[in-house]
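In what follows, a single structure is set out as C-alpha cells and then discussed.
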Amino acid sequence: VQLQAFGGGLVQAGGSLRLSCAASGRTFSTYDRGWFRQASGKEREFVAAIPWSGGSTYYADSVKGRFTISRDNAKNTMYLQMNSLKPEDTAVYYCAAYVGGSYYSQLAYRYWGQGTLVTVSS
C-alpha cells in the first residue's frame, strides 16, 4: 500500500518536467494528495496539494506560478507539471496521501513512497 513517485531526471534551468504519482495496493482516488520535496541537507518541504475532487489547489510560494498539480482519479494518478525550473528546485520529490490537518504539514500525510530525484542544472 504505497504511493510511488516517478518521472524525475536531469534538466537544465528553465526547462520542464512532469512527475507522476501512482497508487498501488488500494484505491486512493478519494484521498486528497500532496507533493513534498527534500533537498540534500534540508528538511522535507511542502510543494503542492490537491483534493480528491480536484477542486482548490495549494502551492508553496516558491513554486506558485511555475508548478501545476493535477490528478486523474480514473487512473489513480496525480501529476506535478514543473515549468521554468530553477537549480533550487533540485530535490527528491515525494507524494503522499492526505489524512487530516494542515495541507502544508507533512504530519498530515501518510503512505509515503520512494521519491524521484529532480536535478536542475544551471
Side-chain angles (χ1 to χ4, degrees):
V1 181
Q2 273 193 335
L3 294 174
Q4 179 66 50
F6 56 95
L10 174 63
V11 63
Q12 288 189 332
S16 298
L17 277 177
R18 189 177 81 155
L19 305 184
S20 299
C21 172
S24 63
R26 64 183 294 174
T27 300
F28 282 90
S29 61
T30 57
Y31 281 85
D32 299 0
R33 295 196 205 174
W35 287 100
F36 283 74
R37 67 186 182 185
Q38 187 168 20
S40 180
K42 296 186 178 181
E43 293 188 355
R44 190 177 297 183
E45 63 175 6
F46 171 79
V47 175
I50 186 168
W52 75 269
S53 63
S56 298
T57 53
Y58 306 84
Y59 295 95
D61 288 343
S62 59
V63 307
K64 203 171 293 184
R66 299 187 298 120
F67 290 11
T68 302
I69 189 172
S70 62
R71 63 190 298 162
D72 184 339
N73 288 341
K75 296 182 178 179
N76 221 357
T77 301
M78 175 178 68
Y79 305 96
L80 185 68
Q81 178 66 44
M82 306 186 296
N83 298 328
S84 302
L85 283 162
K86 304 175 181 180
E88 52 262 44
D89 294 318
T90 295
V92 177
Y93 284 71
Y94 300 89
C95 60
Y98 171 82
V99 295
S102 169
Y103 279 116
Y104 301 91
S105 171
Q106 60 178 317
L107 298 177
Y109 295 82
R110 297 288 185 273
Y111 309 116
W112 298 87
Q114 289 184 337
T116 185
L117 176 62
V118 172
T119 303
V120 184
S121 63
S122 56

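In what follows, every heavy atom counts, from backbone to side chain, and hydrogens, waters and symmetry copies are set aside. All of these numbers come straight from a predicted model, not from anything done at the bench. Numbers here simply count residues along the sequence, with the first being 1.
L10 CG to Q12 CD: the interatomic distance, rounded to the nearest 0.5 Å, is 8.0 Å. The distance from atom CD of Q81 to atom CG of L19, rounded to the nearest 0.5 Å, is 9.0 Å. From T57, atom OG1 reaches atom CZ of F67 across 14.0 Å, with rounding to the nearest 0.5 Å. Remark: Y59 OH to I50 CD1 distance equals 7.0 Å, nearest 0.5 Å. Rounding to the nearest 0.5 Å places CD of Q106 at 10.5 Å from CZ of R110.
The shortest distance between side-chain heavy atoms of R71 and R33 falls below 4.5 Å. M82 has its side chain within reach of L80: a pair of non-hydrogen atoms, C-beta onward, lies under 4.5 Å apart.
Residue V47 is not grouped with residue W52 when hydrophobic side chains (ILVMFWY) are merged at heavy-atom distances under 4.5 angstrom, including chains of intermediate members. A continuous path of ILVMFWY side-chain contacts below 4.5 Å connects V92 to F46, so both sit in one hydrophobic cluster.
Residues passing the salt bridge (charged side-chain N to carboxylate O under 4.0 Å, His left out) test with E88, sequence neighbours excluded: none. Partners of R66 by salt bridge (charged side-chain N to carboxylate O under 4.0 Å, His left out), not counting sequence neighbours, listed by chain and number: D89. Not a single salt bridge (charged side-chain N to carboxylate O under 4.0 Å, His left out) links K42 to another residue, sequence neighbours left out.
The aromatic ring centroids of W112 and F36 lie less than 6.0 Å from each other.
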Exercise. Which is it for W35 and C21 under the side-chain contact (heavy atoms from CB on, under 4.5 Å) test, yes or no, and what are the steps along the way?
Worked result: CA-CA 9 Å; W35 287 100; C21 172; 3.7 Å; yes
Exercise. Does the pair V63 and R37 meet the rule for a side-chain contact (heavy atoms from CB on, under 4.5 Å), with working shown?
Worked result: CA-CA 11 Å; V63 307; R37 67 186 182 185; 3.9 Å; yes
Problem set entry | Chi angles and distances behind the side-chain contact (heavy atoms from CB on, under 4.5 Å) call for Y94, Q38 | CA-CA 8 Å; Y94 300 89; Q38 187 168 20; 4.2 Å; yes
Tabulate below the donor-acceptor pairs under 3.5 Å that side-chain atoms of residues 95-104 make, not counting sequence neighbours, or state none.
residue, atom, partner, partner atom, Å
Y98, OH, G101, N, 3.1
Y98, OH, G101, O, 2.5
S102, OG, Y104, N, 3.1
Y103, OH, D32, OD2, 2.4

Hey, can you pull the donor-acceptor pairs under 3.5 Å for the side chains in residues 113-122, sequence neighbours left out?
residue, atom, partner, partner atom, Å
T116, OG1, G8, N, 2.9

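In the model, R18 has no side-chain atom that pairs as donor or acceptor with a side-chain atom of Y79 under 3.5 Å. Donor-acceptor pairing under 3.5 Å is lacking for the side chains of T77 and D72.
Scanning both residues, P87 and A13, for their nearest heavy atoms gives CD-CB, 4.1 Å. The minimum heavy-atom distance linking L3 with A23 is given by the pair CD2-CB, 3.4 Å. Smallest separation of non-hydrogen atoms from L85 and L17: CD1-N, 3.9 Å.
For residues 32-81, there are no disulfide bond (SG atoms under 2.5 Å apart) pairs, not counting sequence neighbours.
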